[in-house]
Amino acid sequence: MQFQLQASDGRARAGLLDTPHGTVKTPFFMVVGTAASVKGMTVDQLRAAKTQVVLSNTYHLAVRPGPEAVRNRGGLAKFMGWNGPTLTDSGGFQVFSLAKKRKVTQEGVRFNNHIDGKELFLTPERAVEIQQDIGADIMMCLDVCPPAKAPRDDIQKSMLLTHDWAKRCQAKWQENPGGQALFGIAQGALFEDLRQESAEYLASLDFPGYAIGGVAVGEDTPDIRRIVNFTAPLLPAHKPRYLMGVGTPADIIAGVQAGVDMFDCVMPTRHARHFQAFTREGPINLKNAKFAEDDGPIEEGCDCETCRSVSRAYVRHLALLNELMASVWVTLHNVRFYLRLMEKLREAILAGRLAEAAGELYRV
RNA sequence: GGGAAGAUGCCCGAGUGGCCAAAGGGAACAGACUGUAAAUCUGUCGGGCCCCGCCCUACGAUGGUUCGAAUCCAUCUCUUCCCA
């Protein structure tokens with residue numbers, strides 16, 4: 001995997017990332033399609049929104065339809081009809097989100113899956129194997145993602161285990177790398193010394209890319225900013241940096257300014273299903289009565305299909321009736337909003353005017 | 001014409017003497033959501049106020065029984081069903 005830096009502006013960077021499914025312009029936002037589906041969008045719509053990378057999940061695809069099934073259908077990108085660049089998360093986030101359904105040992109994570117309770121034992125090696133079957137362009141190391149406010153002791157143990165697993169993932173991956181890249185994930189929660197230790201250790205392993213994990217798992221926004229600002233520069237400059245699971249448009253702008261190249265978040269798609277739309281002026285809830293007679297688009301000047309086609313009043317009407325299309329219309333807008341934000345951030349970096357642009361892009 | 005059942009807050013619907021401004025749904029109104037167990041979850045939801053408490057108005061209408069009634073009695077109005 002080739003990563004070429006084209007320009008920088010402060011600590012922010014713009015570059016090109018080559019994947020087996022095409023070249024990606026950085027910084028970029030990955031649309032989340034956990035189970036090989038971006039909820040509420042067809043692949044044509046993803047392309048129309050200028051999606052670059054779709055993210056899916058090891059845990060979910062391992063549970064259903066199973067890694068072999070995905071492999072036998074030609075791999076994730078083909079299976080879902082997307083045929084573009086993809087990344088799979090390792091299941092590390094489910095250590096956090098499915099805390100009640102798993103048990104972590106030195107060996108790995110034992111899940112009782114959320115569908116039928118059947119056991120899924122994810123070791124670092126198994127997580128890589130599954131991701132090789134799924135066939136995404138970028139795989140993630142299995143990590144241990146603790147809640148941000150866990151005691152320091154737990155954070156440190158999780159970090160050390162994550163380091164051990166990173167090494168094991170890497171060894172497994174190197175047996176048969178193919179065209180896939182494997183990224184390491186730094187942990188350490190809100191402790192700067194641990195963050196530093198984690199970043200340095202992972203850097204020593206020499207991965208094709210590095211992620212900041214354990215963020216947006218219960219901490220406040222200022223803490224997210226602080227840790228991202230602290231950690232991003234510690235990750236190798238010539239490799240892509242990925243801030244996992246973040247975030248709000250403001251978080252992303254701050255992340256780009258801190259030197260992060262890759263983002264993903266469920267926010268645009270999930271919020272859309274809850275009728276919350278993103279705009280330059282901040283999020284709006286389209287179910288609110290005040291939009292009942294609003295004939296304008298969700299966002300003036302937006303080039304998405306929704307804003308070109310229907311009004312706020314219409315989307316609110318659909319939302320009140322819980323029409324499927326209400327969620328679809330907002331999803332189309334929100335995804336395009338995020339992707340367009342990234343396009344503009346990249347343009348600003350290339351033009352060397354990120355600082356001015358940042359304030360205009362999202363006034364919240 | 002005869003008989004039966006029933007009328008509860010915006011809607012549906014519990015409640016059958018005090019713990020009832022009245023369960024539970026729905027609607028409406030608002031909020032939350034950050035590597036998706038989420039088309040989910042939470043709050044408000046008769047009115048007013050000096051709003052962790054008090055005062056009004058309320059369970060078809062009117063009158064009555066009772067210390068006390070959505071709950072018991074009488075009459076009336078309306079609805080549904082059955083028989084002619």
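Any value given below was found using the heavy atoms of this structure, including those in side chains, with hydrogens, waters and symmetry copies removed. Keep in mind it's a predicted model, so treat the numbers as computed, not measured. Each chain gets a letter, A, B and so on, in the order the sequences are listed, and its residues count up from 1.
- In this structure, A:Phe278 and A:Tyr338 have perpendicular ring planes: the angle between them is above 60°, well past the 30° mark.
- When heavy atoms are screened at a 4.0 angstrom cut-off, A:Ser327 is found touching no nucleic acid atom at all.
- Whole-Å rounding puts the A:Asn285 CG to B:A28 C1' distance at 14 Å.
- A cation-pi contact links A:Arg152 to A:Phe191, judged by a cut-off of 6.0 Å to the six-membered ring centre and 45° from its axis.
- In this structure, A:Thr88 reaches neither bases nor backbone, as no heavy-atom distance under 4.0 Å exists between it and the strands shown.
- When heavy atoms are screened at a 4.0 angstrom cut-off, A:Asp264 is found touching the sugar-phosphate backbone but no base atom.
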Assess the residue pair A:Phe291 and A:His317 against the criterion (ring pair (Phe, Tyr, Trp, His ring centres under 6.0 Å)); give the C-alpha distance rounded to whole Å, side-chain angles, the decisive distance to 0.1 Å, and a yes or no.
CA-CA 9 Å; A:Phe291 299 119; A:His317 158 68; over 10 Å; no

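- Taking atom NZ of A:Lys287 as the reference point, atom P of B:C33 lies 17 Å away to the nearest angstrom.
- Residue contacts for A:Asn288: at a heavy-atom cut-off of 4.0 Å it reaches the sugar-phosphate backbone alone, with no base atom in range.
- Set against B:A38, B:C29, B:U34, the side chain of A:Arg316 has B:C29 as its closest nucleotide.
- Contact of A:Asp143 with B:G35 (side chain to base): a donor-acceptor pair of N or O atoms is detected under 3.5 Å.
- One atom, NZ of A:Lys290, and another, C1' of B:A28, lie 17 Å apart when rounded to the nearest Å.
- In this structure, A:His274 forms an aromatic stack with the base of B:U40, since both conditions hold: centre separation below 5.5 Å and plane angle below 30°.
- The nucleotide whose nearest atom lies closest to any side-chain atom of A:Gln276 is, among B:G35, B:C33, B:A37, B:C33.
- Atom CZ of A:Phe275 is separated from atom C1' of B:A39 by 7 Å (rounded to the nearest Å).
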